[in-house]
Amino acid sequence: ITLLRYGAYPALLLACMIGNMALLRQGAGVLLATYVPVTLGTLVVMALEGRLPYRSGWRPSRTEVLQDSTFLALVHVVLPKALAMASAFVIFEVFDGRGWGLSSWWPKGWPVPAQTVLMVLTVDAMRYWLHRISHEWERLWRFHAVHHSPQRLYTLNVGRFHPVDKSLQFVLDALPFIALSVQEDVLSLYFVWYAVNGFFQHSNVDVRLGWLNYVVSGPELHRWHHSRLKEESNHNYGNHLIVWDVVFG
């Protein structure tokens, strides 16, 4: 149990990312290489919730599962794809048509893992401030409060976001990289990290991250962020990493 408690989180994230790169090298295609590791990783997290729950009273009802599955499908899958298509049209028809050449700004010659690390650091730097403002400015909190509405955390309520909140996130964590023409294998690896970490982050699994709590925004820190007490929840704004919370106090 101790080994599982301390090793499950880093081992699963690493396995899913290695699986993504291996599938791409085998020519499986971007969709399979992305969604197979994410699906398998999510199923493992859900299995861990049954094997090693943080709180037994946090098991979701059927209604909660249905609601959160709907949020996940519409707000996390359909909405971003629609925004991505609209954004791509504007970027390639307008920006490239004017010869702005944004794609030359991204270090495409770097190894894929290095580009992914750069992308994670960049996204988190921007998302940190959006997240912080969404808690501290009442007008944005009205939208972000939807994400904080569940009474208990479990895997699927990672997707519970207001469409306005999700659209603002898209502007920072997808749009810039579409504009920069970041290659598909980098976006795929980033999405695997983003998705599996997000599911684990909200899970009801009793893990211990130790020193990793100073690097990543995992389940231990994110439970504090979902506290009902404002003085506790208005901290730990990092989306994937916690480094910007450390830098900005």
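Annotation: side chain of E64 is in contact with side chain of R152 (closest heavy-atom distance under 4.5 Å). Side-chain contact between R228 and S233 is absent, with no heavy atoms from C-beta onward closer than 4.5 Å. Residues V30 and D185 form no side-chain contact, since every pair of their non-hydrogen atoms from C-beta on lies 4.5 Å or further apart. Looking only at side-chain heavy atoms (C-beta outward), L4 and R51 come within less than 4.5 Å of each other. Side-chain contact between W193 and M17 is present, with heavy atoms from C-beta onward closer than 4.5 Å. With contacts defined as side-chain heavy-atom distances shorter than 4.5 Å, the pair P176/L172 does not qualify. Side-chain contact between D245 and I242: present, with at least one pair of heavy atoms (C-beta onward) separated by less than 4.5 Å. Considering only heavy atoms from C-beta on, L156 comes within 4.5 Å of S69 through its side chain.
Around CH2 of W129, the count of heavy atoms belonging to other residues, nucleotides or ligands within 6.0 Å exceeds 12. Atom CD of E184 has 12 or fewer neighbouring heavy atoms from other residues, nucleotides or ligands inside a 6.0 Å radius. Atom CD of Q26 has 12 or fewer neighbouring heavy atoms from other residues, nucleotides or ligands inside a 6.0 Å radius. For Y214, the OH atom counts as loosely surrounded, since its 6.0 Å shell holds 12 or fewer non-hydrogen atoms of other residues, nucleotides or ligands.
No close placement of the Y237 and W244 rings is indicated, their centers lying 6.0 Å or farther apart. Between W141 and H135, the ring center distance clears the sub-6.0 Å criterion. Aromatic ring centroids of H240 and Y194 lie under 6.0 Å apart. Aromatic ring centroids of H162 and H147 lie 6.0 Å or more apart. Taking the six-membered ring for Trp and the full ring otherwise, H226 and H148 have centroids separated by under 6.0 Å.
The backbone N or O of L52 sits nowhere less than 3.5 Å from a side-chain atom of D206 that would complete a donor-acceptor pair. With hydrogens and angles ignored, the 3.5 Å screen pairs a side-chain donor or acceptor of S203 with a backbone N or O of F200. Of the possible polar contacts, none joining the T116 side chain to the L189 backbone as a donor-acceptor pair under 3.5 Å is found. Put simply, the side chain of D124 never gets that close to the backbone of L121: no donor and acceptor are under 3.5 Å apart. A donor-acceptor pair under 3.5 Å is formed between the side chain of E49 and the backbone N or O of N204. Of the possible polar contacts, none joining the N157 side chain to the D68 backbone as a donor-acceptor pair under 3.5 Å is found. Looking only at distances, no side-chain donor or acceptor of Q201 sits under 3.5 Å from a matching main-chain atom of H222. Q115 places a side-chain N or O within donor-acceptor distance of the main-chain N or O of K108, the cut-off being under 3.5 Å. In this structure, the side chain of H225 engages the main chain of H235 through a donor-acceptor pair within 3.5 Å.
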Practice item. Take T155 and H202 through the test side-chain contact (heavy atoms from CB on, under 4.5 Å) and record every step on the way to the result. Key: CA-CA 5 Å; T155 306; H202 290 79; over 6 Å; no
Exercise for review: Show your reasoning for whether side-chain contact (heavy atoms from CB on, under 4.5 Å) applies to Y154 and R59.
Suggested key: CA-CA 7 Å; Y154 76 104; R59 298 185 192 279; over 6 Å; no
Review point. Does the side-chain contact (heavy atoms from CB on, under 4.5 Å) test come out yes or no for L168 and L130, once each step is laid out?
Key: CA-CA 8 Å; L168 290 172; L130 172 62; 4.1 Å; yes
Practice item. Evaluate side-chain contact (heavy atoms from CB on, under 4.5 Å) for V215 paired with W211, printing each intermediate quantity in order. Key: CA-CA 8 Å; V215 181; W211 63 268; 4.2 Å; yes
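Between the CG atom in L79 and the CZ atom in F170 there is a gap of 8.5 Å [rounded to 0.5 Å]. Going from atom CZ of R160 over to atom CG of L153 covers 11.0 Å, rounded to the nearest 0.5 Å. Note that CZ of R5 is 11.5 Å distant from CG of L3, once rounded to the nearest 0.5 Å. To the nearest 0.5 Å, atom CG of residue L43 and atom CG of residue L48 are 11.0 Å apart.
Donor-acceptor pairing under 3.5 Å is lacking for the side chains of W106 and Q183. Under 3.5 Å, the side chains of T34 and S188 contain a donor-acceptor pair of N or O atoms. Between the side chains of Y9 and N197, at least one donor N or O sits under 3.5 Å from an acceptor N or O.
Cation-pi geometry between R223 and Y54 is met: under 6.0 angstrom from the ring centre, within 45 degrees of the axis.
Under the 4.5 Å side-chain contact rule for hydrophobic residues, Y6 and V45 do not share a cluster. The hydrophobic cluster containing L24 does not contain V112, counting ILVMFWY residues as joined when their side-chain heavy atoms lie under 4.5 angstrom apart, directly or transitively. L31 and L40 fall into different hydrophobic clusters, where Ile, Leu, Val, Met, Phe, Trp and Tyr residues are linked whenever their side-chain heavy atoms come under 4.5 Å apart, directly or through other members. Criterion: ILVMFWY side-chain heavy atoms under 4.5 Å apart, direct or through other members. Under it, W110 and M119 are part of a common hydrophobic cluster. Following chains of ILVMFWY side-chain contacts shorter than 4.5 Å, one cannot reach L66 starting from L72, and the two form parts of different hydrophobic clusters.
In terms of heavy-atom proximity, P80 sits nearest to V77 at CD-O, 3.5 Å. In this structure, V196 and P37 approach most closely via the heavy-atom pair CG2-O, 4.4 Å. Closest non-hydrogen pair, S217 versus G238, comes out as OG-O, 3.1 Å. For N236 against L221, the heavy-atom pair with the smallest separation is ND2-O, 3.3 Å. Scanning all heavy atoms of the two residues, the minimum distance from G159 to V75 falls at O-CB, 4.5 Å. The minimum heavy-atom distance linking L118 with P107 is given by the pair CD2-CG, 3.7 Å.
The aromatic rings of F161 and H144 are tilted relative to each other, their planes meeting at an angle between 30° and 60°.
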